[in-house]
Amino acid sequence: MPDLTLTASPPLDGYHKQFGDTALTEIGDQALVSIAVPLGGADALDSAMTGAYGTTFPAPGSTALSKDGSVRFLGLQPDQCFALFELAGNDPVEAIANVLGDTGYYTDQSDSWAMLRLSGPLAVSALERICPLGLAPAAFPQGSVARTAMEHLGVIILCENEDSYVLMSARSSAPSFLHAVETSVENVS
Amino acid sequence: MIINHPLLGPRDAAEFVYLGDASLIDRPDWQSDTAADDFYEYQYLRDNPAGETRELWFHEQGDRSWLVVTRNTLTHEITKVELARDVALAAGRDR
Amino acid sequence: MSQPYRIVGGLVGRENLVSFRFNGKRFQGYRGDTLAAALIANGQRLVGRSFKYHRPRGIFSAGSEEPNAMVQLRHGAHLEPNTRATVTELYNGLEATSQNHRGSLEFDLMAVNDLLSPFLSAGFYYKTFMWPKSFWEKVYEPAIRASAGLGRLSGEEDPDSYDKGFLHCDVLVIGSGPAGLAAALAAGRAGARVILADEDFLLGGRLNAETLAVEDMSGAGWAAQTAQELAGLPNVRMMPRTTVYGAYDHGIYGALERRTDHLATSAGKPRQVLWRIYSKRAILCAGATERPIAFGNNDRPGVMLAGSVRAYVNRWGATPGRRVAVFTSNDDGWRTAQDLSAKGIEITAVIDSRDKPALASVPGAAIVMGGRVIDVAGRKGVTAIKLAKGQTIETDCLAVSGGWNPNVHLTCHQRSFPKWRDDIAAFIPGDEMPVGLTVAGAANGALSLGAALIQGTEAGHIAATDTGHTATSITPPWAEDEPRDTAAFWHVGESKARAWLDLQNDVTVKDVRQAGEEGFRSVEHLKRYTTLGMATDQGKTANVGALAIMAEATGKSIPETGTTIFRPPYTPVAIGAFAGRSRGKAFRPTRLTPSHKWAEEQKAVFVDAGMWLRAQWFPRAGETHWRQSVDREVLQTRASVGVCDVTTLGKIDVQGRDAAEFLNRVYANGFAKLPVGKVRYGLMLREDGMAMDDGTTARLSETHFVMTTTTANAVGVFRHMEFCRQCLWPGMDVHLISVTEQWAQIAVAGPNSRALLQKIVDDSHDLSNEAFPFMACGEVTLCGGVPGRLFRISFSGELAYEVAVPARYGDALMRALMKAGEAYDVVAYGTEALGVMRVEKGHAAGNELIGQTTARDLGMGRMVSKKKDSIGSILSERDALNREDGLALVGFVPVDRSEGLNSGAHFVSPGKEVTTENDEGWMTSVAFSPSLGHSIGLGFIKRGASRIGETVIAADPVRDRKVEVEIVSPHFIDPEGERLRA
């Protein structure tokens, strides 16, 4: 019987590149679970989240961090957010469901997204080439999240700080996504 | 063109997909005696004003919400943007 | 002697000498020169030949309005035609050649056109080239092609890259002359986020061309100082070499930034960047463009705009002539005489068309008030001018000023029209303005320096306040208002020789009058009939003069005559800049399946399926034709087992208390009672009753379903379902999210598919036919605990499953299946074999679901439940969609089994003519069936269900074929479905 262990493949093969002081790196091994709010169940979900994570459901455009810093909730839709945390094991939905019970509807999204961190002095000028959103601190402060289109790709952008952004895009088009971001950094360096 | 999303603020129209007139929210009752005519009118008959129209736009590359956009087809001015869900609920739509 | 017309002074430093070539001849100039300035410094008077008449032409202006000095820059693939020498920054090694001549610039063989000019007047091509008819293709068209156009393309692919970008600001200031600098200063100091853009490489606008003072320093000095202060403000972004070319809706502006055109090489970086600027407020400070006067032979080299002549002297330290004359209708032209005279350049005459006292005395110059120039001598360069009263005056450069036109263009990009002001005899911005846009300075009709500074400051102040930045009141920088009286004077009536209006398209006063006589009097007709204003300069120095002539000819006023509509771009933009990165492979994103890398290793042939790349077939060594591979894949799958990556199909996760009811509403057939652990085929209609999409939906729990859609419709179905959820039934508890990317999904099909899966799926799961029958589904684990899902569904008609794992394991799963399948001679199959098998089985797919066919046509009429509300149900009952002789989906085989079939062929009864009246339907899908050994097809034909066994003709007039076909059941293999249920 041949050994048929299944090993995981990361979307961008662990990509990392330095452009002077600016770095573009794949973020691997993240779990991403979508949490949808049942109709009429917003209060119950908020309670459960407060109890379990010490934070409430984030409004679209903002993110909320759990008290222990292990989970960041991304406010993407009025009735849906993404929980982002370190992947451990094969059932990220279970990790959330165990804690929030049936106060929400959960769907695994951990494999759907390729994730990049762009950080350093060139980050904003590179993003200016592909991101239609205004990124000035007043408009998109630390902790902001948004979903938009960049180079014909759907991208989620998260501001970690003025010089550091996390970008997520569909796994299947990861090479095109990487090419778009990489070209942007090259074009401004 | 810029659509001022009620929750997310101004976004480029390139993030959206246009469907049609906001009257598409008013889907007729399938059990009405006049259902055949009602659905025919709903599907095919439209006013085509030069001026203010109410349109349905889907924020496909954003938060996936449907919006009702009040827009002047002559000046392109957008005077109102509402969540379509709210418009539907206000019109008495339910299940 | 190098640079014989270079003089002392100007803003160009003399340290950086550069060498360049024009028409192969080597010249010298300085960094900071434009190509035109350097050519003038070197005494190069001739720079091109005119479009129609091939007349010798020289440099006319000093800006982007230039109509004559169009050169080809660079060579090879970088060759760029129609570049204006007046805005081309000089760099070491620059190569430029003149355009539009056969033979040399000095001796253009096409100059004979000038002699034929009586036959080449306005609209001549509407009246010629018609006879004899045969000459058109062989003589006229090739001749026209050879002589048409200005400049030529390299014919090679553009080797440079271009980029795009997005900028946001509170205040966009367009133009960095006195008004723009003052506006940027006011807004910038108030803390607003400002973008200051100027097409020039040196900020300052006309300040750099004039000898006017601001506060206590030179205008140019003040400009430099202000630019420096602005550059130091963190909230101000300076964008020189950036043309704001278009004003779009809602404060959006298009801008083209030239990043490397002033360098010898782009060094691999994008040559230009096309910016989309989102502004809250914008201030147009685009200045004004001088206009000429039309008189006999006014197109000779050396006849130039007066303001440009002094720009070359004041900014670039290069004089266009040593014995200069001035012809003006206004006060401003006099400054050319004064500035040049102050620099020691001889002024031979100042001719002012107005009957009034002279404005000044100019040493050595003949002053002729109330004078007019009627002719210019010197075909390849001015030598003298003739006046109306008979005098001849020697001169080597005639500086002409007919007034100044405010650059209102951007205010008109959204279809508003400018309005006329008699006092400056010019158009100013109209009353309707793009939202958020104001105008300041000369662009607003405030042509003098003092006024420009005041208007700019005020506009900047207001824009900053409007965007939430409190500004302490700012005192505008002070400057005198120089004299600017103007008289409207368009054309010297006494001229006998032709008088030019549009230099670039070679349109004269005579042409405009002729257009009027022939009835083309509206400005829109005038433009198109004469081509005035349609060249690359968009008539910047021609439009108003032409309007004036037309107004005169029709007895109307200029405002009554009106203007055509200005449209973006303000100056030409390379197509490459609009394309940006969307070229070649990067034209659009590519989506790869989880098994793509593995498929590449197998040397699969790929096909584009929307944005996806899918394996089409997997050729084996020795196979030379695709049919060999595809036939093998089909036969082996049906004989044993085949695997195919089907990840691309849309997958939508549906959850909620009302999930089942929701699915009941979007599908035509019933879903509310689907048991947990079962999958069902679903047909989705459009509201008009047409079949829209199909797929299978699996129930994982009471409140949890997973729907599949076709690959092509995944995005559209999701959009449609969100519409239903949010707009139609907002009171339902149901949520949707795409999981197409989340799950790698592989079809495993064939008699040995169960056996193969039993090696992959962990033993705890019973895959026997009893435990996991046809259309069952469930969550499973594979290969020692990896979570997965299994669906027993079949597209091929064989015993089949689809197995899904999180996408990170997709590659590994494919390899594991192939490894474990070796015992069964497992075959990987691609989209081609997938298609053959579904045609053999008789499954409808994209070719049948074209958006114009109904459930009834597909043979699924009874699936549309009348017991519930569902999208499309009501309108699907319309009479026209339910005719007795309506279409039905059936199968077709060629009567002569050795014949092939064409999809798209239309059916007519035997003996009937192939006409639309006799058209009974069409063939939708065809394939060679390896299972049957001959071609088969699916198609729609009237009353098809009751015509099994009948013979009809499949007619394909496009490919000129007619094939006799027999109508059969669409289910070619296993019609009873025994294999499915094995």
Side-chain angles (χ1 to χ4, degrees), chain A residues 1-11 34 36-41 79-80 90-94 102 104-114 125 127-136 138-139 151-153 169-177 179-180 183-184 186-189, chain C residues 161 163-168 193 268-270 273 276 278 581-582 586 588-594 597 611-612 647-648 653 655-658 703-704 731-735 737-744 759-760 782-787 805-813 816 819-820 822:
Chain A
M1 176 79 161
D3 172 23
L4 298 167
T5 328
L6 299 183
T7 46
S9 317
S34 97
V37 184
L39 196 71
D79 55 359
Q80 190 192 95
N90 262 331
D91 203 343
V93 168
E94 195 184 50
D102 58 6
Y105 299 120
Y106 318 110
T107 316
D108 197 359
Q109 294 278 293
S110 308
D111 294 71
S112 307
W113 302 85
S125 39
L127 286 169
E128 275 172 356
R129 296 298 175 93
I130 50 172
C131 180
L133 308 176
L135 297 177
E151 286 294 307
H152 316 292
L153 292 162
S169 193
R171 169 188 266 267
S172 68
S173 43
S176 296
F177 167 54
H179 179 76
T183 303
S184 301
E186 271 163 8
N187 284 353
V188 299
S189 56
Chain C
S161 72
D163 209 356
K164 289 189 176 175
F166 306 86
L167 294 174
H168 296 255
R193 279 183 314 147
K269 298 292 179 204
V273 180
R276 183 182 287 222
Y278 299 95
R581 301 186 196 175
S582 299
R588 59 175 180 185
T590 305
R591 295 174 82 175
L592 304 174
T593 63
K597 188 155 147 226
M611 288 201 287
W612 292 96
T647 304
T648 66
D653 191 272
Q655 292 191 52
R657 296 186 299 273
D658 295 312
T703 57
H704 192 181
M732 280 195 172
D733 177 42
V734 61
H735 294 268
I737 188 166
S738 167
V739 288
T740 310
E741 299 280 340
Q742 178 60 23
W743 297 93
K759 287 175 143 187
I760 299 290
L782 306 92
C783 298
V786 173
V805 286
R808 82 190 64 182
Y809 296 114
D811 174 88
L813 177 62
K819 192 101 184 76
E822 274 168 11

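Quick note on labels: first sequence line is chain A, next is B, and so on, each numbered from 1.
The NZ atom of C/K164 sits 8.0 Å away from the CD atom of A/E151 when rounded to the nearest 0.5 Å. The line from OG of A/S173 to CZ of C/R591 is 6.5 Å long, rounded to the nearest 0.5 Å. In this structure, CG on C/L167 lies 5.0 Å from CD on A/E128, to the nearest 0.5 angstrom. Rounding to the nearest 0.5 Å places OG of C/S738 at 7.0 Å from CD of A/Q109. One finds the CG atom of A/L127 at 11.5 Å from the CZ atom of C/F166 (value rounded to the nearest 0.5 Å). Expressed to the nearest 0.5 Å, how far SG of C/C783 lies from CG of A/L4 amounts to 5.0 Å.
Between the side chains of C/T740 and A/R171, no donor N or O sits under 3.5 Å from an acceptor N or O.
In this view, C/Y278 and B/D12 satisfy the side-chain hydrogen bond (donor to acceptor under 3.5 Å, both in side chains) rule, not counting sequence neighbours. Every residue two or more places apart in sequence or in another chain was checked for a side chain to side chain contact (heavy atoms under 4.5 Å, CB included) with A/D102, and none qualifies.
Contact check for A/R129 versus C/V273: side-chain heavy atoms found under the 4.5 Å cut-off. You'll find the side chain of A/I130 reaches within 4.5 Å of the side chain of C/R581, heavy atoms only. Put simply, the side chain of A/L153 reaches to within 4.5 Å of the side chain of C/P589, judged on heavy atoms. Using a 4.5 Å cut-off on side-chain heavy atoms (C-beta onward), A/S112 and C/Q742 make contact. Contact check for A/E186 versus C/P270: no side-chain heavy atoms found under the 4.5 Å cut-off.
Looking only at distances, a side-chain donor or acceptor of C/D733 sits under 3.5 Å from a matching main-chain atom of A/L39. With hydrogens and angles disregarded, a donor-acceptor distance shorter than 3.5 Å links the side chain of C/E741 to the backbone of A/S172.
Interface summary for chain C: among A/L135, A/T183, A/D91, the most heavy-atom pairs under 4.5 angstrom belong to A/T183. Put simply, of A/S110, A/G41, A/P10, A/A136, the one with the most heavy-atom pairs under 4.5 Å next to chain C is A/S110. When each of C/G784, C/A586, C/A816, C/G656 is checked for heavy-atom pairs under 4.5 Å with chain A, C/G656 comes out on top. When A/A138, A/S176, A/G134, A/P132 are compared by the number of non-hydrogen pairs under 4.5 Å with chain C, A/P132 comes out ahead.
For chain C, the nearby part of A/Y106 is the backbone; its heavy atoms alone come within less than 4.5 Å. Proximity to chain A (any heavy atom under 4.5 Å) is shown, for C/M611, by neither the backbone nor the side chain. Both the backbone and the side chain of A/D79 come within contact range of chain C, each with at least one heavy atom under 4.5 Å from a heavy atom of that chain. Using a 4.5 Å cut-off between heavy atoms, C/V734 does not touch chain A at all. For C/R657, the parts lying near chain A are the backbone and the side chain together; criterion is any non-hydrogen pair under 4.5 Å. In this structure, the portion of A/P175 lying under 4.5 Å from any heavy atom of chain C is its side chain and not its backbone. Proximity to chain C is limited to the backbone of A/V37, based on heavy atoms less than 4.5 angstrom apart. Using a 4.5 Å cut-off between heavy atoms, C/W743 makes no contact with chain A at all.
Across C/A812 and A/T7, no two heavy atoms sit closer than the pair CB-O, 3.4 Å. Nearest heavy-atom pair across A/N90 and C/G785 is ND2-O, 4.3 Å. Between A/N187 and C/K269 the shortest heavy-atom distance is O-CD, 4.1 Å.
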Legend entry - Stepwise side chain to side chain contact (heavy atoms under 4.5 Å, CB included) test for A/S34 and C/H735: CA-CA 11 Å; A/S34 97; C/H735 294 268; over 6 Å; no
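Within 6.0 Å of the NE2 atom in C/H704, the count of heavy atoms belonging to other residues, nucleotides or ligands exceeds 12. Shown here is C/K597, whose NZ atom has no more than 12 heavy atoms of other residues, nucleotides or ligands within 6.0 Å.
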